[in-house]
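Right, one structure below, let's go through it.
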Amino acid sequence: MSNQLTPNYWNERYLHQNTPWDIGSVSPALKNYLDQVTNPMLPILIPGAGNAYEAIYAHRQGFQNVFVCDWAPAAFEHLKRQAPDFPIHHLLVEDFFRLEMEVDVILEQTFFCAIDPTLRKAYVKKAFELLAPDGKLTGLLFAQHFEHDGPPFGGSQEEYMQLFSPYFHILYMDININSIEPRKGRELFFECQKNAFIAP
(Lines give C-alpha, C1' and ligand atoms only; values in the text may rest on other atoms or scores of the structure.)
Protein backbone atom coordinates (compact mmCIF):
# COMPACT_ATOMS: atom_id res chain seq x y z
CA MET A 1 0.00 0.00 0.00
CA SER A 2 2.78 2.47 0.88
CA ASN A 3 4.16 2.24 -2.64
CA GLN A 4 0.81 3.41 -4.03
CA LEU A 5 0.37 6.42 -1.75
CA THR A 6 2.99 8.52 -3.51
CA PRO A 7 3.21 12.27 -4.20
CA ASN A 8 2.06 11.60 -7.77
CA TYR A 9 -0.94 9.58 -6.56
CA TRP A 10 -2.13 12.45 -4.35
CA ASN A 11 -1.27 15.12 -6.91
CA GLU A 12 -3.42 13.38 -9.52
CA ARG A 13 -6.32 13.18 -7.09
CA TYR A 14 -6.18 16.92 -6.42
CA LEU A 15 -5.73 17.76 -10.10
CA HIS A 16 -8.88 15.80 -10.90
CA GLN A 17 -10.68 16.93 -7.73
CA ASN A 18 -11.05 13.31 -6.70
CA THR A 19 -11.26 14.17 -3.00
CA PRO A 20 -14.50 12.73 -1.59
CA TRP A 21 -13.26 13.21 2.00
CA ASP A 22 -13.16 16.98 1.48
CA ILE A 23 -15.96 18.61 3.54
CA GLY A 24 -15.62 21.92 1.66
CA SER A 25 -15.00 24.16 4.66
CA VAL A 26 -13.12 24.45 7.92
CA SER A 27 -13.93 21.60 10.28
CA PRO A 28 -16.25 22.89 13.07
CA ALA A 29 -14.11 21.18 15.72
CA LEU A 30 -10.88 22.77 14.53
CA LYS A 31 -12.56 26.14 13.99
CA ASN A 32 -13.68 25.98 17.62
CA TYR A 33 -10.16 25.02 18.71
CA LEU A 34 -8.56 27.88 16.77
CA ASP A 35 -11.10 30.33 18.16
CA GLN A 36 -9.78 29.55 21.64
CA VAL A 37 -6.12 30.19 20.79
CA THR A 38 -5.23 33.64 22.11
CA ASN A 39 -1.69 33.93 20.71
CA PRO A 40 -1.78 34.74 16.95
CA MET A 41 2.00 34.22 16.77
CA LEU A 42 1.77 30.59 17.85
CA PRO A 43 3.62 28.34 15.37
CA ILE A 44 1.10 25.84 13.99
CA LEU A 45 1.69 23.01 11.50
CA ILE A 46 -1.08 21.39 9.46
CA PRO A 47 0.33 18.26 7.80
CA GLY A 48 -1.25 16.69 4.72
CA ALA A 49 -3.48 19.73 4.66
CA GLY A 50 -5.02 19.24 1.21
CA ASN A 51 -7.29 22.19 0.43
CA ALA A 52 -6.24 23.68 3.77
CA TYR A 53 -9.52 25.17 4.96
CA GLU A 54 -8.17 25.33 8.51
CA ALA A 55 -5.06 27.21 7.37
CA ILE A 56 -7.18 29.68 5.40
CA TYR A 57 -9.45 30.24 8.38
CA ALA A 58 -6.52 30.74 10.76
CA HIS A 59 -4.85 33.14 8.34
CA ARG A 60 -8.01 35.21 8.05
CA GLN A 61 -8.22 35.34 11.84
CA GLY A 62 -4.76 36.92 11.99
CA PHE A 63 -2.54 33.95 12.77
CA GLN A 64 0.99 34.74 11.57
CA ASN A 65 2.83 31.42 11.84
CA VAL A 66 0.67 28.76 10.24
CA PHE A 67 2.62 26.25 8.16
CA VAL A 68 0.98 23.90 5.69
CA CYS A 69 2.66 20.69 4.59
CA ASP A 70 1.60 18.50 1.68
CA TRP A 71 3.72 16.58 -0.78
CA ALA A 72 1.19 17.08 -3.61
CA PRO A 73 1.84 20.54 -5.15
CA ALA A 74 -1.69 20.68 -6.60
CA ALA A 75 -3.13 20.57 -3.09
CA PHE A 76 -1.97 24.14 -2.50
CA GLU A 77 -3.87 25.69 -5.39
CA HIS A 78 -7.08 26.19 -3.42
CA LEU A 79 -5.26 27.94 -0.60
CA LYS A 80 -3.40 30.19 -3.04
CA ARG A 81 -6.67 31.25 -4.65
CA GLN A 82 -8.52 31.82 -1.39
CA ALA A 83 -5.67 33.46 0.52
CA PRO A 84 -3.25 34.97 -2.03
CA ASP A 85 -1.41 36.82 0.75
CA PHE A 86 -0.66 33.61 2.66
CA PRO A 87 3.15 33.53 3.17
CA ILE A 88 4.57 31.47 0.33
CA HIS A 89 7.44 30.23 2.50
CA HIS A 90 4.86 28.70 4.86
CA LEU A 91 3.70 26.34 2.10
CA LEU A 92 5.86 23.27 2.52
CA VAL A 93 5.80 20.91 -0.47
CA GLU A 94 7.53 18.20 1.49
CA ASP A 95 7.24 14.77 3.04
CA PHE A 96 5.95 15.20 6.59
CA PHE A 97 8.35 12.52 7.80
CA ARG A 98 11.34 14.57 6.60
CA LEU A 99 10.34 17.93 8.04
CA GLU A 100 12.82 19.71 10.27
CA MET A 101 11.19 22.48 12.28
CA GLU A 102 9.66 23.21 15.67
CA VAL A 103 6.06 24.20 16.28
CA ASP A 104 3.78 24.51 19.27
CA VAL A 105 0.71 22.90 17.74
CA ILE A 106 0.12 20.24 15.09
CA LEU A 107 -3.44 20.22 13.79
CA GLU A 108 -4.60 16.83 12.55
CA GLN A 109 -7.32 16.79 9.92
CA THR A 110 -7.45 13.81 7.52
CA PHE A 111 -3.67 13.28 7.27
CA PHE A 112 -3.44 10.47 9.81
CA CYS A 113 -6.23 8.56 8.06
CA ALA A 114 -4.60 9.04 4.65
CA ILE A 115 -1.22 7.47 5.37
CA ASP A 116 -0.59 3.74 5.30
CA PRO A 117 -1.42 2.38 8.79
CA THR A 118 2.04 0.83 8.94
CA LEU A 119 3.37 4.40 9.23
CA ARG A 120 1.27 5.37 12.25
CA LYS A 121 3.99 4.72 14.83
CA ALA A 122 6.38 6.79 12.72
CA TYR A 123 3.73 9.56 12.54
CA VAL A 124 3.46 9.72 16.33
CA LYS A 125 7.23 9.78 16.77
CA LYS A 126 7.64 12.49 14.11
CA ALA A 127 4.90 14.63 15.65
CA PHE A 128 6.69 14.30 18.99
CA GLU A 129 9.98 15.41 17.39
CA LEU A 130 8.42 18.42 15.65
CA LEU A 131 6.70 19.78 18.73
CA ALA A 132 8.28 22.18 21.17
CA PRO A 133 8.31 21.23 24.87
CA ASP A 134 4.69 21.10 26.07
CA GLY A 135 3.54 21.28 22.44
CA LYS A 136 0.21 19.79 21.47
CA LEU A 137 -1.06 17.44 18.80
CA THR A 138 -4.79 17.89 18.35
CA GLY A 139 -7.53 17.27 15.84
CA LEU A 140 -9.82 14.58 14.49
CA LEU A 141 -9.52 10.83 13.97
CA PHE A 142 -12.01 8.37 12.56
CA ALA A 143 -13.76 6.36 15.27
CA GLN A 144 -14.48 3.36 13.06
CA HIS A 145 -12.87 0.82 10.81
CA PHE A 146 -13.79 0.76 7.13
CA GLU A 147 -14.71 -2.33 5.14
CA HIS A 148 -13.08 -1.00 1.96
CA ASP A 149 -9.37 -0.58 1.39
CA GLY A 150 -8.20 2.92 2.23
CA PRO A 151 -7.50 5.67 2.13
CA PRO A 152 -9.13 6.67 4.36
CA PHE A 153 -8.00 4.20 7.00
CA GLY A 154 -9.95 4.03 10.23
CA GLY A 155 -9.32 2.84 13.74
CA SER A 156 -10.61 2.88 17.30
CA GLN A 157 -10.14 4.95 20.43
CA GLU A 158 -8.44 2.04 22.16
CA GLU A 159 -5.92 1.68 19.33
CA TYR A 160 -5.17 5.40 19.30
CA MET A 161 -4.71 5.54 23.07
CA GLN A 162 -2.12 2.77 22.87
CA LEU A 163 -0.44 4.43 19.90
CA PHE A 164 -0.11 7.95 21.32
CA SER A 165 0.48 7.24 25.02
CA PRO A 166 4.19 6.31 24.78
CA TYR A 167 5.02 9.84 23.59
CA PHE A 168 2.10 12.01 24.72
CA HIS A 169 -0.13 12.78 27.66
CA ILE A 170 -3.63 12.26 26.29
CA LEU A 171 -5.57 15.23 27.62
CA TYR A 172 -8.80 14.40 25.84
CA MET A 173 -10.09 11.82 23.36
CA ASP A 174 -13.79 11.26 22.82
CA ILE A 175 -16.51 11.30 20.19
CA ASN A 176 -16.56 14.73 18.58
CA ILE A 177 -19.68 16.66 19.56
CA ASN A 178 -19.82 18.98 16.54
CA SER A 179 -19.00 16.81 13.56
CA ILE A 180 -20.65 17.52 10.23
CA GLU A 181 -23.83 15.46 9.80
CA PRO A 182 -22.37 12.59 7.71
CA ARG A 183 -19.64 12.04 10.33
CA LYS A 184 -21.65 12.37 13.53
CA GLY A 185 -20.62 9.65 15.95
CA ARG A 186 -17.83 8.57 13.62
CA GLU A 187 -15.09 10.99 14.65
CA LEU A 188 -12.97 11.42 17.75
CA PHE A 189 -11.67 14.80 18.83
CA PHE A 190 -8.37 14.49 20.65
CA GLU A 191 -5.77 16.67 22.32
CA CYS A 192 -2.39 15.32 23.35
CA GLN A 193 0.52 17.10 25.02
CA LYS A 194 4.11 16.17 24.36
CA ASN A 195 5.66 14.18 27.18
CA ALA A 196 8.77 16.20 28.00
CA PHE A 197 10.34 13.28 29.84
CA ILE A 198 10.61 11.07 26.75
CA ALA A 199 13.83 11.23 24.73
CA PRO A 200 13.31 11.64 20.94
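Note that the structure is a prediction, hence the values are computed from the model and not measured.
- Other residues, nucleotides and ligands contribute more than 12 heavy atoms inside 6.0 Å of the CG atom of L171.
- Using a 30° and 60° split on the angle between ring planes, F111 and F96 fall in the perpendicular class, above 60°.
- Taking CG of L141 as the reference point, atom CD of Q109 lies at 10.0 Å (rounded to 0.5 Å).
- Using the six-membered ring where Trp is involved, Y160 and F164 have ring planes that are tilted, between 30° and 60° apart.
- Here the OG1-CD1 distance, from T110 to I115, works out to 11.0 Å after rounding to the nearest 0.5 Å.
- In this structure, L45 and L99 have side chains that are in contact, with non-hydrogen atoms separated by less than 4.5 Å.
- Listed here is the closest heavy atom pair of P152 and F142: CB-CE1, 3.9 Å.
- In this structure, Y123 and F112 have perpendicular ring planes: the angle between them is above 60°, well past the 30° mark.
- Residues L107 and L34 form a side-chain contact, since some pair of their non-hydrogen atoms from C-beta on lies under 4.5 Å apart.
- The side chain to side chain contact (heavy atoms under 4.5 Å, CB included) test with I106 is passed by exactly one of I46, T138, L130, I44: L130.
- Remark: H59 NE2 to Q64 CD distance equals 8.0 Å, nearest 0.5 Å.
- Side-chain contact between L131 and F168 is present, with heavy atoms from C-beta onward closer than 4.5 Å.
- Using a distance-only test at 3.5 Å, with no hydrogens or angles considered, no donor-acceptor pair links the side chain of E54 to the main chain of V26.
- L140 places a side-chain heavy atom less than 4.5 Å from the side chain of F189.
- The environment of NZ in K121 is sparse: at most 12 heavy-atom neighbours from other residues, nucleotides or ligands sit within 6.0 Å.
- Residues A55 and V68 approach most closely at CB-CG2, 3.4 Å, considering heavy atoms.
- At least one side-chain heavy atom of L188 sits less than 4.5 Å from a side-chain heavy atom of I175.
- A 4.5 Å side-chain heavy-atom check between L91 and K80 finds at least one atom pair inside the cut-off.
- For the pair H78 and I56, the minimum side-chain heavy-atom distance is below 4.5 Å.
- Annotation: side chain of N32 is not in contact with side chain of L30 (no heavy-atom distance under 4.5 Å).
- For the pair K194 (side chain) and F128 (backbone), a donor-acceptor distance under 3.5 Å is present.
- Considering CD of E108 and CG of L137, their distance stands at 7.0 Å, rounded to 0.5 Å.
- We find the OH-NZ distance between Y33 and K136 to be 5.0 Å, quoted to the nearest 0.5 Å.
- Taking CD1 from I170 and CZ from F190, the interatomic distance works out to 9.5 Å, rounded to the nearest 0.5 Å.
- Taking a cutoff of 4.0 Å between a charged side-chain nitrogen and a carboxylate oxygen, E77 and R81 do not qualify as a salt bridge.
- At a threshold of 4.5 Å between side-chain heavy atoms, the hydrophobic network of Ile, Leu, Val, Met, Phe, Trp and Tyr places M41 and V105 in two separate groups.
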